[in-house]
Amino acid sequence: MASAEASVKRVGDKYRSFFDDEENTKIEWRHGGPPIYDSVNQLFEQGRTKEWPKGSLEEIVQNAIKSWEMELSHKTRLQDFRTINPEKFKLFVNGREGLTAEETLRIGSYNALLKNSLPKEFQYYKAEEESFESSHDLFRSALPRGFAWEVVHVYSGPPLIAFKFRHWGFFEGPFRSHAPTGELVQFYGLATLKVDDSLRAEDVEVYYDPAELFAGFLKGLPISDSHTAKSQDSEAAIACPFAELK
């Protein structure tokens, strides 16, 4: 395993920057070293709807966002970030008050993107009750192959980049009390990205409908009902002499 990780560090990741920098030895990684994205890269390549030309604006934006997500999820210090300007950075989601770089790093990407002001009885996900770790564990469990992301369209170039994106995965693990369905879960959104002269993000604004995402998870039966249904199916198969003919 160690040799495989060393190989990945040496080769890098074709969609994310800063894996093979000599300064990696000075970076504080959340899990001890750079992450390995083989599984989600495969999901991305198999499910993407666009394959952008190398060096195109679309590819640059797509890889920049993937690199930022990598840093946000796996680096623990803002001084190690290369994709944002930490002093100026603000993240705005669906018109809510902006989060600073420090706030975004503290609560994590899921909590930052899923925080909302709906009455609690209508909240599919309560960001204020989740930690950085618990939020990642929840979605890692529900989407074991990863949560792939692609740029669908870029409307304008730097310094204010506007684009449409798609986020998807397969619901193959439990999501809280809901059993997996194995089906595709996805949503689309729009975003703007204000960058400085070094293409580091200063302002990010994201707009999307969280219900589009959670509709896929809520389709799963309550886990107790799912177990009952499976048990009843097994009993019916044993009792029916024609079950093997189905």
Side-chain angles (χ1 to χ4, degrees), residues 15-16 40 43-44 47-50 52 57-73 83-84 89-101 103-105 107-130 132 134-136 138-143 145-156 160-171 175-176 178 181 183-195 201-220:
Y15 303 118
R16 297 165 183 85
V40 74
L43 177 66
F44 165 72
R48 61 186 168 186
T49 61
K50 307 284 186 179
W52 301 113
L57 177 59
E58 290 84 359
E59 187 205 41
I60 291 171
V61 172
Q62 184 168 262
N63 291 353
I65 298 297
K66 288 179 185 286
S67 297
W68 173 55
E69 183 281 328
M70 177 273 293
E71 292 193 309
L72 183 58
S73 296
T83 58
I84 68 170
F89 181 85
K90 279 290 186 73
L91 173 64
F92 302 87
V93 180
N94 288 338
R96 294 195 308 271
E97 182 178 355
L99 296 171
T100 65
E103 291 169 326
T104 306
L105 178 60
I107 66 176
S109 55
Y110 288 114
N111 288 332
L113 291 169
L114 294 171
K115 186 177 181 182
N116 67 77
S117 56
L118 290 171
K120 287 202 172 184
E121 61 267 27
F122 298 115
Q123 290 184 17
Y124 308 112
Y125 178 91
K126 298 179 176 63
E128 69 277 5
E129 297 179 6
E130 301 289 344
F132 183 109
S134 69
S135 64
H136 279 73
L138 177 63
F139 284 92
R140 191 180 297 116
S141 170
L143 305 168
R145 281 193 274 168
F147 207 2
W149 189 92
E150 70 171 335
V151 163
V152 176
H153 191 84
V154 175
Y155 302 102
S156 63
L160 184 61
I161 304 168
F163 59 94
K164 181 178 182 179
F165 65 87
R166 172 177 170 251
H167 218 342
W168 77 97
F170 286 90
F171 184 20
F175 181 81
R176 296 207 187 281
H178 293 271
T181 64
E183 296 180 2
L184 175 71
V185 172
Q186 67 177 348
F187 69 93
Y188 289 83
L190 297 172
T192 61
L193 183 68
K194 181 183 177 183
V195 298
E202 294 184 343
D203 281 352
V204 179
E205 294 191 32
V206 181
Y207 298 91
Y208 76 103
D209 182 1
E212 188 178 4
L213 166 64
F214 287 108
F217 292 128
L218 299 179
K219 286 174 66 177

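If you're wondering where the values come from, they're calculated on a predicted model, not measured in any experiment. In what follows, every heavy atom counts, from backbone to side chain, and hydrogens, waters and symmetry copies are set aside.
- Residues Leu114 and Val93 have side chains not in contact (no heavy-atom distance under 4.5 Å, counting atoms from C-beta outward).
- Classification of the Trp149-His167 ring pair by plane angle, with boundaries at 30° and 60°, yields perpendicular.
- No donor-acceptor contact under 3.5 angstrom links the side chains of Glu69 and Ser109, judged on distance only.
- A search for ring pair (Phe, Tyr, Trp, His ring centres under 6.0 Å) contacts involving Tyr155 returns His153, not counting sequence neighbours.
- Closest non-hydrogen pair, Thr104 versus Ala112, comes out as CG2-CB, 4.3 Å.
- To the nearest 0.5 Å, atom CG of residue Leu72 and atom CD1 of residue Ile65 are 11.0 Å apart.
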Test log, rule side chain to side chain donor-acceptor pair (under 3.5 Å), inputs Asn116 and Tyr124: CA-CA 10 Å; Asn116 67 77; Tyr124 308 112; over 6 Å; no
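- Because its NZ or CZ atom is not both nearer than 6.0 Å to the ring centre of Phe89 and within 45° of the ring axis, Lys194 does not count as a cation-pi partner of that residue.
- In this structure, CG in Leu160 is found 8.0 Å from CD in Glu205, a value given to the nearest 0.5 Å.
- Of all non-hydrogen atoms in Arg48 and Glu150, the two that sit nearest each other are CB-OE1, 3.4 Å.
- Legend: residues meeting ring pair (Phe, Tyr, Trp, His ring centres under 6.0 Å) with Tyr208, ordered by chain and number and at least two apart, are Phe187.
- For the ring pair (Phe, Tyr, Trp, His ring centres under 6.0 Å) test, residues two or more places apart in sequence or in another chain that qualify with His136 are Tyr110, Phe132.
- You'll find the side chain of Lys90 stays beyond 4.5 Å of the side chain of Val204, heavy atoms only.
- Glu130 meets the salt bridge (Lys or Arg N to Asp or Glu O under 4.0 Å) test with Arg176; sequence neighbours excluded.
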message: Could you walk me through whether Phe147 and Val185 satisfy the side chain to side chain contact (heavy atoms under 4.5 Å, CB included) test, starting with their C-alpha distance in whole Å, then the side-chain angles of each, then the deciding distance to 0.1 Å, before giving a yes or no?
response: CA-CA 9 Å; Phe147 207 2; Val185 172; 5.6 Å; no
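- The side chain to side chain contact (heavy atoms under 4.5 Å, CB included) check on Ala142 picks up Phe171, Phe175, Phe217, with sequence neighbours excluded.
- By the side chain to side chain contact (heavy atoms under 4.5 Å, CB included) test, Lys126 is found to be paired with Lys120, Gln123, Glu128, Glu129, residues two or more places apart in sequence or in another chain being considered.
- Taking the six-membered ring where tryptophan is involved, the planes of Tyr15 and Phe44 are perpendicular, since the angle between them exceeds 60° and thus also 30°.
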- prompt: Between Asp203 and Phe92, does a side chain to side chain contact (heavy atoms under 4.5 Å, CB included) hold up when you go through it step by step?
  reply: CA-CA 8 Å; Asp203 281 352; Phe92 302 87; 4.3 Å; yes
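- Applying the side chain to side chain contact (heavy atoms under 4.5 Å, CB included) criterion to Gln186, with sequence neighbours excluded, gives Arg166, Trp168, Leu184, Tyr188.
- Residues passing the salt bridge (Lys or Arg N to Asp or Glu O under 4.0 Å) test with Lys50, sequence neighbours excluded: none.
- Judged by distance alone, with hydrogens and angles left aside, the side-chain atoms of Gln62 form a donor-acceptor pair with the main-chain N or O of Val151 at under 3.5 Å.
- Of all the heavy atoms in Ala64 and Thr83, the pair that sits closest is O-CG2, 4.3 Å.
- Every pair tested for salt bridge (charged side-chain N to carboxylate O under 4.0 Å, His left out) that includes a residue from residues 107-116 fails, sequence neighbours excluded, so the list is empty.
- With sequence neighbours left out, the side chain to side chain contact (heavy atoms under 4.5 Å, CB included) criterion links Ser141 to Pro174.
- By the side-chain hydrogen bond (donor to acceptor under 3.5 Å, both in side chains) test, Arg145 pairs with Glu172, sequence neighbours left out.
- Side chains of Val206 and Asn94 form no contact here, defined as non-hydrogen atoms less than 4.5 Å apart.
- For the pair Phe163/Leu190, no side-chain contact is recorded, criterion being any heavy-atom separation below 4.5 Å from C-beta on.
- Between Phe170 and Leu143 there is no side-chain heavy-atom pair separated by less than 4.5 Å.
- Summarising the geometry of Trp52 relative to Val152, their closest heavy-atom pair is CZ2-O, 3.3 Å, with the distance given to 0.1 Å.
- With sequence neighbours excluded, the residues forming a salt bridge (Lys or Arg N to Asp or Glu O under 4.0 Å) with Glu202 are Lys88, listed by chain and number.
- Of all non-hydrogen atoms in Ser135 and Ile107, the two that sit nearest each other are OG-O, 4.5 Å.
- For Leu43 against Gly146, the heavy-atom pair with the smallest separation is CD2-O, 3.3 Å.
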- request: Starting from the C-alpha separation in whole Å, work towards a yes-or-no answer on side chain to side chain contact (heavy atoms under 4.5 Å, CB included) for Ile161 and Thr192.
  value: CA-CA 5 Å; Ile161 304 168; Thr192 61; over 6 Å; no
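- A donor-acceptor pair shorter than 3.5 Å cannot be found between the side chains of Ser67 and Glu71.
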message: Using the rule given for side chain to side chain contact (heavy atoms under 4.5 Å, CB included), can you reason through Tyr125 versus Leu138, listing the C-alpha separation, both sets of side-chain angles and the distance that settles it, and then say yes or no?
response: CA-CA 11 Å; Tyr125 178 91; Leu138 177 63; 3.7 Å; yes
